[in-house]
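Each ligand, and each atom within it, is numbered from 1 in the order the structure gives.
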Amino acid sequence: MAPEPRESRSSPSSLPESALSSSLGDLDPEAFRAAGHQVVDLIADYLAGVERYPVLPPIEPGALRPLFPAAPPETGEPIEAILADYRRLVEPNATHWQHPGFLAYFATSASSPGILGEMLTAALGQNPMLWRTSPIGTELEIVVVDWLRQALGLPAPFDGLLTDTASTSSLIALAGARQAAGIDAAAAGLTGRDLPALRIYASAEAHSSIEKACMTLGLGRAALVRIPTDDAYAMLPEELEAAIGRDREADRRPIAIVATIGTTSSTAIDPVARIAGIAEREGLWLHVDGAYAGAAALIPARRAAFTGWERADSIVVNPHKWFFTPLDASLLLTRRMPTLRDAFSLVPEYLRTLDREAPVRDFNEYTPQLGRRFRALKLWVQLRSFGLEGLRRRVEEHIRLAQEFAAWVDADPDFERLAPVPFSTVCFRFAPPVLARHEDHPAHRRRLDELNARLMDAVNRSGEVFLSHTRLDDRFTIRVAIGNLRTEERHVARAWELIRREADRLAVELE
Ligand SMILES: *Cc1c(COP(=O)(O)O)cnc(C)c1O
């Protein structure tokens, strides 16, 4: 079971009697104010004390559902009781993404100004689907998208929008690519017509969201051609050219290339400048996936890794990853907004705006969905509060901590680093020489995989840190991904200490 929740400093004490008295069923303004203050206390306590929780709650699957009534409440309950249950049942049973020991996957951590922005977003209840349904939601999004473009060092022809996730951003970009190829699936669909097989190219290490986009867009997973990578897990451009050549030869139709800067497994960097040259020669849409690593482009001295991305047709970077913006916020930049509109615009009578002629953006015309969140507000609050300088400092520190961690791994004869560390993620494994020496033997290789899985599991059970894994070159690979706003040197040092301690325990077994 999860641990007992800690005492909260904010007492759940008296809310006004009127908490349930509003004839609307809603909280009346004074009850809302009192409950709201309690919620802010609760949030502040949580952020200040999150390290008291194990990063991963020690619970078994299915253990939580029985804690809640099977049927919804027929009559309203006091907000006080609901907040008490939040403290007792919800908070302790979360996986603590806000915990500085969260070193798994890629971190998503919510900065305090970002949280305040989310509260204001909920309060204002904007739906910037049309300009008129939210003038401020629409125009502030245009402003913030352009701020981010400048912050990333990209040229003015890039315009764009905010979506929920990189998955959606890439889906929209690839729908644009399909439209740009003249297929006009938006009007004619893909079935019952004379169409060649369509092809999209991405590296073997590209994120699953690219493959999912192919599934969703009706191209099928078969449309995705996975290009082999080099020793550093970066796409081989000559293999890309060869694959495109083979497809053209066989009368298949290439439509897009996806290059990744910061792959999900090992944060590899595809050679974007060379890939951009190929895309230009072949007349293909180039989409760059920088969902995680894009934040490093905030730092001018780190932009070498991004050379060539300014030639892309579209780029995705996730503020909800390494920019510390609360989920959800993904930035889709593109030079081809009109093409996205061709792919998604549909204006029924009830959405037509009759009372104006001025060309104003109606964001719903660029996306699959109609209703949209006012995501620009939290970004505006956060960017002003941190300043670019404040964001850069955290990102730079995470890169430094990763270099330091990599050096510890490299200096330890029982450990092996499995990929370069261009950003803030270290891929490695426990490879004691007795086993690693005979890795050619499949039994030894399996043994190493098992050993590392057990090592990672033991470290995660400590509750102090949370690591995740991948496979590189068919080897079980532990990842330490540093990207939580609140992760400091002591957390990274503690992670290494725990890894070393568990490795020593496992080594005894090997003797
Ligand atoms: C995390 C990640 C994604 C998916 O991001 P979502 O916002 O969760 O959809 C896509 N590509 C890369 C390279 C990623 O690291």
Side-chain angles (χ1 to χ4, degrees), residues 95 97 102-110 114 148 152 160-175 200-217 224 226-227 229 232-235 256-270 272 275 286-297 305-306 309 312 314-333 367-369 372-373 375 378-379 395 398 402 419 421-427 468-472 477 479-484:
T95 293
W97 288 74
F102 190 105
L103 304 170
Y105 313 108
F106 286 130
T108 285
S109 55
L148 290 168
L152 296 169
L161 64 154
L162 300 171
T163 76
D164 54 354
T165 55
S167 305
T168 299
S169 294
S170 292
L171 175 76
I172 293 171
L174 293 176
I200 289 174
Y201 306 85
S203 95
E205 295 288 321
H207 190 264
S208 56
S209 57
I210 304 305
E211 201 158 336
K212 266 204 181 178
C214 291
M215 293 161 74
T216 311
L217 291 169
L224 185 66
R226 294 276 193 175
I227 306 298
T229 57
Y233 304 103
M235 190 195 290
I257 305 169
V258 179
T260 310
I261 300 179
T263 58
T264 309
S265 278
S266 73
T267 73
I269 303 165
D270 288 341
V272 179
I275 294 168
L286 175 60
H287 177 59
V288 173
D289 181 354
Y292 146 76
F306 297 83
W309 79 334
S314 57
I315 296 175
V316 57
V317 174
N318 271 3
H320 75 220
K321 275 186 176 160
W322 207 4
F323 282 70
F324 323 118
T325 305
L327 261 175
D328 52 12
S330 176
L331 170 70
L332 174 60
L333 291 172
T367 64
Q369 88 281 18
R372 313 176 68 245
R373 302 186 68 226
R375 297 190 181 87
K378 63 187 171 187
L379 277 159
V395 170
H398 290 160
V421 183
F423 300 110
S424 66
T425 300
V426 186
C427 293
S468 64
H469 78 284
T470 187
R471 282 194 93 75
L472 289 175
T477 303
R479 289 164 80 262
V480 162
I482 302 165
N484 179 298

Under a plain distance cut-off of 3.5 Å, with no hydrogens placed, do Gln369 and Thr367 share a side-chain donor-acceptor pair? yes
Show your reasoning for whether side-chain contact (heavy atoms from CB on, under 4.5 Å) applies to Thr470 and Ser266. CA-CA 8 Å; Thr470 187; Ser266 73; over 6 Å; no
Compare all side-chain heavy atoms of Leu472 with those of Cys427 and state whether any distance is below 4.5 angstrom. yes
Among all residues two or more places apart in sequence or in another chain, which pass the salt bridge (charged side-chain N to carboxylate O under 4.0 Å, His left out) test with Glu211? Arg221, Arg226
Of His207, Lys212, His287, the one forming a side-chain hydrogen bond (donor to acceptor under 3.5 Å, both in side chains) with Ser170 is His287
In terms of ring plane angle, is the pair Tyr105 and Trp97 parallel, tilted or perpendicular, where the classes change at 30° and 60°? parallel
Under 3.5 Å: N or O atoms of ligand 1 paired with protein N or O:
unit_1	atom_1	unit_2	atom_2	d
ligand 1	7 (O)	Ala166	N	2.8
ligand 1	7 (O)	Asn318	ND2	2.8
ligand 1	7 (O)	His320	NE2	3.2
ligand 1	9 (O)	Ala166	N	3.4
ligand 1	9 (O)	Ser167	N	2.8
ligand 1	9 (O)	Ser167	OG	2.5
ligand 1	11 (N)	Asp289	OD1	3.2
ligand 1	11 (N)	Asp289	OD2	2.6
ligand 1	15 (O)	Thr264	OG1	3.3
ligand 1	15 (O)	Lys321	NZ	2.9

